[in-house]
Colleague: 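One structure, as structure tokens, below. Some questions next.
When a residue number appears, it is its place in the shown sequence, counting from 1. No hydrogens, no waters, no symmetry mates; every other heavy atom, side chains included, goes into these values.
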Amino acid sequence: MKAIIKEIISLSLYLAIILGCTYLLVNYVLQRTEIEGDSMQPTLSDGDNIIVDKLTYRFKEPQRYDIIAFPYRYEQDTYFVKRIIGLPGEKVRIDAHGIIFINDEALDERYGTEPIHQARDAFTPRILGEDEYFVLGDNRNDSMDSRDSSVGLVRREEIIGRAFVRIYPFTSIGFIQNKKSSSEPETGENK
């Protein structure tokens, strides 16, 4: 009888540890998110399942070109996944030709697949606060992002985490590129 009780206690303890670790993992370390729509094409596609790393930003600040997840303000349990373009304290604007300017210097980045057709709210220069980020979808002409007042600037406290790895579809499993190639300059004249 003692052996059975000992086995039940051991199994209960084992299950409690597994449930506790799962709770910590899901709430503080990782989150699975499904991409809906084409706003992050070609980097992420409709139906992709990704894992968001919720731990990294507890130890370091988000960087330019990181792909982040944050909640949509007007719909519960809906998250946006976008790329950081503007950092706290910077001045961001997009001109009539679709060129992104950071502190009055053209940003030479290649994530967008085509020139931006509408700057919307970003046509007027926006100076970001000390905890604000300007985000864009990689599919610039089919994205609700910081150019739209319904999304606006993303505050640091709203950022859930950084897109880390794609887990579905299985043919595309792999790490998600969050940084710009080190061989490309960060800012400069568009040619």
Colleague: Quick one: are L107 and R64 in side-chain contact, heavy atoms under 4.5 Å?
Modeller: yes

Colleague: Do the side chain of D95 and the main chain of H97 share a donor and acceptor less than 3.5 angstrom apart?
Modeller: yes

Colleague: K82 side chain to M144 main-chain N or O, any donor-acceptor pair under 3.5 Å?
Modeller: yes

Colleague: Grab the two heavy atoms, one from I159 and one from V154, that are nearest each other, plus how far apart they are.
Modeller: CG1-CG1, 3.8 Å

Colleague: In terms of hydrophobic clustering (I, L, V, M, F, W, Y; side-chain heavy atoms under 4.5 Å; direct or indirect links), are Y74 and V81 co-clustered?
Modeller: no

Colleague: Are any of the side-chain heavy atoms of I5 and K2 separated by less than 4.5 Å?
Modeller: no

Colleague: Rounded to the nearest 0.5 Å, what separates atom CD1 in I94 from atom NE2 in H117?
Modeller: 12.5 Å

Colleague: Evaluate the side-chain contact (heavy atoms from CB on, under 4.5 Å) criterion for residues N141 and Q118: first the C-alpha distance (whole Å), next the side-chain angles of each, then the deciding distance (0.1 Å), finally the verdict.
Modeller: CA-CA 7 Å; N141 294 311; Q118 293 183 345; 5.8 Å; no

Colleague: Closer than 3.5 angstrom, by distance alone: can the side chain of S146 be matched with the main-chain N or O of G152 as a donor-acceptor pair?
Modeller: yes

Colleague: For the residue pair R32 and I51, establish whether any side-chain heavy-atom pair is separated by less than 4.5 Å.
Modeller: yes

Colleague: Indicate, with yes or no, if L44 and V135 share a hydrophobic cluster defined by side-chain heavy-atom contacts under 4.5 Å among Ile, Leu, Val, Met, Phe, Trp and Tyr.
Modeller: no

Colleague: For E114, look at atom CD and say whether over 12 heavy atoms of other residues, nucleotides or ligands are found less than 6.0 Å away.
Modeller: yes

Colleague: Do E90 and F134 come within less than 4.5 Å of each other through their side chains, counting heavy atoms only?
Modeller: no

Colleague: Assigning hydrophobic clusters by single linkage (Ile, Leu, Val, Met, Phe, Trp, Tyr; side-chain heavy-atom cutoff under 4.5 Å), is I67 placed with I35?
Modeller: yes

Colleague: Looking only at non-hydrogen atoms, find the nearest pair between R140 and E109 and report the distance.
Modeller: NH1-OE2, 3.0 Å

Colleague: Strictly under 6.0 Å, is that where the ring centroids of F164 and F175 end up?
Modeller: yes

Colleague: Using the side-chain hydrogen bond (donor to acceptor under 3.5 Å, both in side chains) definition, which of the options T43, N49, D48 pairs with R166?
Modeller: D48

Colleague: Could you tell me whether the side chain of Q63 reaches within less than 4.5 Å of the side chain of I84, counting heavy atoms only?
Modeller: no

Colleague: Mind checking the CG-OG spacing from L15 to S10? Nearest 0.5 Å is all I need.
Modeller: 9.5 Å

Colleague: Walk me through whether I9 and K6 qualify under side-chain contact (heavy atoms from CB on, under 4.5 Å).
Modeller: CA-CA 5 Å; I9 291 172; K6 191 174 186 179; 5.9 Å; no

Colleague: Indicate every side-chain donor-acceptor pair of residues 122-130 with a distance under 3.5 Å to a residue at least two apart or in another chain.
Modeller:
none

Colleague: Under a single-linkage rule joining Ile, Leu, Val, Met, Phe, Trp and Tyr whose side-chain heavy atoms are separated by less than 4.5 Å, which residues share a cluster with I8?
Modeller: I4

Colleague: Among the clusters formed by ILVMFWY side chains lying less than 4.5 Å apart, do Y111 and V92 turn up in the same one?
Modeller: yes

Colleague: Could you check whether any side-chain heavy atom of Y133 comes within less than 4.5 Å of a side-chain heavy atom of L153, counting everything from C-beta outward?
Modeller: no

Colleague: Rounded to the nearest 0.5 Å, what's the gap from CD on E61 to CG on D131? Could you check?
Modeller: 10.0 Å

Colleague: Are the side chain of R147 and the backbone N or O of A119 linked by a donor-acceptor pair below 3.5 Å?
Modeller: no

Colleague: Ignoring hydrogens and angles, tell me if any N or O in the side chain of D145 forms a donor-acceptor pair with the backbone of G137 under 3.5 Å.
Modeller: yes

Colleague: Could you measure the distance from the OG atom of S150 to the CZ atom of R73? Nearest 0.5 Å is fine.
Modeller: 8.5 Å

Colleague: Please report the interatomic distance CZ(F170) to CD1(I173), rounded to the nearest 0.5 Å.
Modeller: 6.0 Å

Colleague: Decide yes or no for I100 and L136: does some side-chain heavy atom of the first lie under 4.5 Å from some side-chain heavy atom of the second?
Modeller: yes

Colleague: Search all heavy atoms of A106 against all heavy atoms of I99 and return the closest pair with its distance.
Modeller: CB-CG2, 3.9 Å

Colleague: Checking side-chain contact (heavy atoms from CB on, under 4.5 Å) for the pair V29/K54: CA distance, chi angles, key distance, verdict?
Modeller: CA-CA 5 Å; V29 180; K54 297 165 89 172; 5.8 Å; no

Colleague: Quick one: are Y168 and E34 in side-chain contact, heavy atoms under 4.5 Å?
Modeller: no

Colleague: Would you say I176 and I68 are hydrophobically clustered, going by side-chain heavy atoms of ILVMFWY under 4.5 Å?
Modeller: no

Colleague: If we ignore hydrogens and angles and just use 3.5 Å, is the side chain of D53 paired with the main-chain N or O of T56 as donor and acceptor?
Modeller: yes

Colleague: Verify side-chain contact (heavy atoms from CB on, under 4.5 Å) between R156 and Y57, making sure each step is shown before the conclusion.
Modeller: CA-CA 10 Å; R156 174 68 173 88; Y57 293 152; 3.4 Å; yes

Colleague: Kindly assign one of parallel, tilted or perpendicular to the pair F80 and Y72, based on the angle between their ring planes and the thresholds 30° and 60°.
Modeller: parallel

